[in-house]
Amino acid sequence: VKEVSAIEPIAVAPDVLALAQVVERYYRAPIGLATALALPPEPVLERSSSKSADFAPQVLRGETPEIGLIAEQTLAANAIIAALGAHQDFLLHGITGSGKTEVYVAAIRAAMARGEQSLVLVPEINLTPQWMARLATQIPGARIVALHSSLSDGERFRAWTAANEGAAD
């Protein structure tokens with residue numbers, strides 16, 4: 001048994017707390033855990049001189065033209081776009097290569113046009129570079145950051161901060 005030496009209150013932004021409450025209700029997670037997961041790790045000073053203390057989101061550039069959507073994709077994208085700004089769940093069914101990514105990209109473009117951010121959840125960390133490259137190709141100039149457990153604490157802190165401060169799309 002260890003004795004508690006101090007308790008330091010933290011200020012949580014209302015939008016971060018709202019997100020944690022959604023996670024709490026939807027996943028039936030304890031509010032403390034949901035809030036802790038929504039906050040950045042403790043900032044860590046990195047000793048390597050090759051890494052800058054200032055973080056600029058990686059801006060990936062692509063050259064592929066926009067791909068048009070077929071009727072079913074347009075219906076799905078329009079439903080998601082109509083729900084921007086509100087919490088609503090969508091599930092796209094389709095085999096690999098059926099065009100689900102194009103629907104997501106259309107919704108991300110619409111959010112960016114409104115000055116909003118998008119969060120893409122990728123099922124495996126090793127798919128992250130592929131997704132980032134795909135988004136960069138289909139949304140040239142987008143400010144894309146990755147945030148996952150394989151990053152160092154400093155990298156995760158900088159990515160979280162960029163997203164939190166609106167420096168990432």
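Small disclaimer: the values here were computed from a predicted structure and weren't measured.
The backbone N or O of I95 lies less than 3.5 Å from a partner atom in the side chain of K100, making a donor-acceptor pair. In this structure, the side chain of Q130 does not engage the main chain of L127 through any donor-acceptor pair within 3.5 Å. No donor-acceptor distance shorter than 3.5 angstrom exists from the side chain of Q138 to the backbone of E102, with no hydrogens or angles considered. The closest donor-acceptor contact from the side chain of E24 to the backbone of A34 lies at 3.5 Å or more, if one exists at all. At least one donor-acceptor pair closer than 3.5 Å links the side chain of W160 to the backbone N or O of A38. Panel note: side chain R143, backbone A162; no donor-acceptor pair is recorded below 3.5 Å.
In this structure, R156 and D153 have side chains that are in contact, with non-hydrogen atoms separated by less than 4.5 Å. Side-chain atoms of D169 and I144, non-hydrogen and from C-beta on, never get closer than 4.5 Å to each other. Residues W131 and Y104 are in side-chain contact: their nearest non-hydrogen atoms beyond the backbone lie under 4.5 Å apart. I81 places a side-chain heavy atom less than 4.5 Å from the side chain of L84.
Rounding to the nearest 0.5 Å places CG of L17 at 5.5 Å from OG1 of T35. Between the CD1 atom in I139 and the OG atom in S118 there is a gap of 7.5 Å [rounded to 0.5 Å]. Rounded to the nearest 0.5 angstrom, R25 CZ and H87 NE2 are separated by 8.0 Å.
Note on V23: it does not cluster hydrophobically with V16, by side-chain heavy-atom contacts below 4.5 Å among ILVMFWY residues. Both I108 and M132 are part of a single hydrophobic cluster, where members link through side-chain heavy atoms under 4.5 Å apart. L19 is not connected to F157 by any chain of hydrophobic side-chain contacts under 4.5 Å among Ile, Leu, Val, Met, Phe, Trp and Tyr, and they are in different clusters. I80 is connected to V122 through a chain of hydrophobic side-chain contacts under 4.5 Å among Ile, Leu, Val, Met, Phe, Trp and Tyr, so both are in one cluster.
For A168 against V145, the heavy-atom pair with the smallest separation is CB-CG2, 3.8 Å. When all heavy atoms of S150 and I125 are compared, the closest pair comes out as OG-CD1, 3.6 Å. Residue F90 comes nearest to A79 through the heavy atom pair CZ-O, 3.5 Å, listed as atom of the first residue, atom of the second, then distance. Across all their heavy atoms, S98 and Q73 have their closest contact at O-NE2, 3.9 Å.
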